[in-house]
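Structure first, then comments.
For reference, positions follow the sequence shown, starting with 1. Every number for a ligand or one of its atoms is a count from 1 in the order of the listing.
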Amino acid sequence: MKKKKLAIVSLMSDGGCHVAFLDMHENILQLLQNVELVHSYMVLDVRRIPDSVDIVLVEGGVRTSHDVEVLKEARRKAKILVALGSCACFGGIPGLSNLFDLYSSLKYVYEKTPTVIKGVIPRENVPEVVGVSPIFRYVKVDFQIPGCPPESKEIMEIILSLAKGEKPTLPTKTVCDECPLGPPRKKPSKLRRIFEPPKPSTCLLEQGYFCMGPVTRAGCGAKCPRAGIPCDGCRGPASKILDQGAAMLNTLATIAYNTIKNFNLRTYSAYFYRYSFASSLIEDLIRKTKVKKK
Ligand code: SF4
Ligand code: SF4
């Protein structure tokens with residue numbers, strides 16, 4: 001079988017998804033029997049995305065006009081374009097900044113952050129900053145590999161499937177379905193913060209922690225709840241869920257209405273929408289109606 005060409009293209013990103021790819025360790029040798037890596041800023045000195053690449057993985061979401069250009073170039077050159085990681089799939093944690101006016105965010109970062117002295121917002125020779133977006137808002141995406149970071153094993157399996165011309169699938173169940181602590185059996189008596197140690201062997205949601213397991217896509221083996229840490233939803237919405245945060249809010253409204261009745265989007269969005277705010281229905285609405293300050 002002729003090897004397929006594989007490229008990894010980075011937009012606004014800390015490179016964590018790229019590292020998750022490299023985290024395959026010796027399995028990368030099996031992968032390289034099926035694909036030829038032709039572009040990766042971490043392991044190859046290739047500046048331009050080569051023409052006609054079979055599979056392009058895009059890590060990071062869109063934050064600047066430069067990201068948009070690179071993304072469109074990647075789409076033109078890709079036979080199959082895959083969103084790698086939750087920033088590319090859903091906007092990720094940076095998407096929470098869309099709760100704020102763009103100018104206020106720039107002003108805070110460049111002028112008001114405590115460590116800044118006489119800072120100014122850079123305006124010359126820099127790309128225009130735009131609202132954070134998952135890549136599907138700009139180009140057609142053929143497949144998503146969610147996670148922050150994505151699971152290395154899943155990355156490998158999906159690339160191998162695509163290289164063989166097969167259609168890969170993601171798990172359709174929720175994190176609760178693979179969690180040994182669940183399912184939640186009773187309503188929490190109060191909501192708890194993460195610094196209060198949980199009881200072992202008991203569902204975290206049942207104990208009152210914000211655990212996003214009921215609405216989050218399975219595939220990580222529920223690794224956070226297994227370690228006594230609530231799932232914060234990094235794999236995005238489970239397959240039949242349209243809006244991850246709204247679904248979690250709905251779950252909590254059923255079991256802990258009194259605690260969340262004073263819901264405030266800015267305060268709680270980091271719980272409900274930590275990774276998916278930029279692709280949520282509510283952000284869509286804000287984006288369409290917001291008047292941005294210049
Ligand atoms: S601890 Fe979280 S993931 Fe596990 S069963 Fe409870 S709610 Fe679901
Ligand atoms: S348990 Fe939740 S936050 Fe942790 S890796 Fe899995 S999906 Fe991500």
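- Less than 4.0 angstrom separates some heavy atom of T216 from each of these atoms of ligand 2: 7 (S).
- Using a 4.0 Å cut-off to heavy atoms of R235, the atoms of ligand 2 that qualify are 7 (S).
- A perpendicular orientation is assigned to the rings of H18 and Y41, their planes being inclined by more than 60° (bins at 30° and 60°).
- Within the 3.5 Å criterion, the main-chain N or O of N27 finds no donor-acceptor partner in the side chain of Q30.
- Counting backbone and side-chain atoms alike, C224 contributes an N/O/S atom closer than 2.8 Å to atom 4 (Fe) of ligand 2.
- Of the possible donor and acceptor atoms, none in the side chain of T216 sits under 3.5 Å from a partner among the backbone N and O of T174.
- L281 forms part of a hydrophobic cluster together with L242, judged by ILVMFWY side-chain heavy-atom separations under 4.5 Å.
- Proximity of a side-chain donor or acceptor of S280 to a complementary backbone N or O of E283 within less than 3.5 Å is detected.
- Which parts of ligand 2 touch C220 is read off a 4.0 Å heavy-atom cut-off, strictly below it: atoms 1 (S), 5 (S), 6 (Fe), 7 (S).
- Taking a cutoff of 4.0 Å between a charged side-chain nitrogen and a carboxylate oxygen, R48 and E73 qualify as a salt bridge.
- The protein heavy atom nearest to atom 3 (S) of ligand 2 is D232 OD1, 3.1 Å.
- Nearest to atom 8 (Fe) of ligand 2 among the protein's heavy atoms is C234 SG, 2.3 Å.
- A salt bridge is defined here as a Lys NZ or Arg NE, NH1 or NH2 lying under 4.0 Å from an Asp or Glu carboxylate O, and K107 with D101 fails to meet this definition.
- Closer than 2.8 Å to atom 2 (Fe) of ligand 1 sit the protein N, O or S atoms C211 SG.
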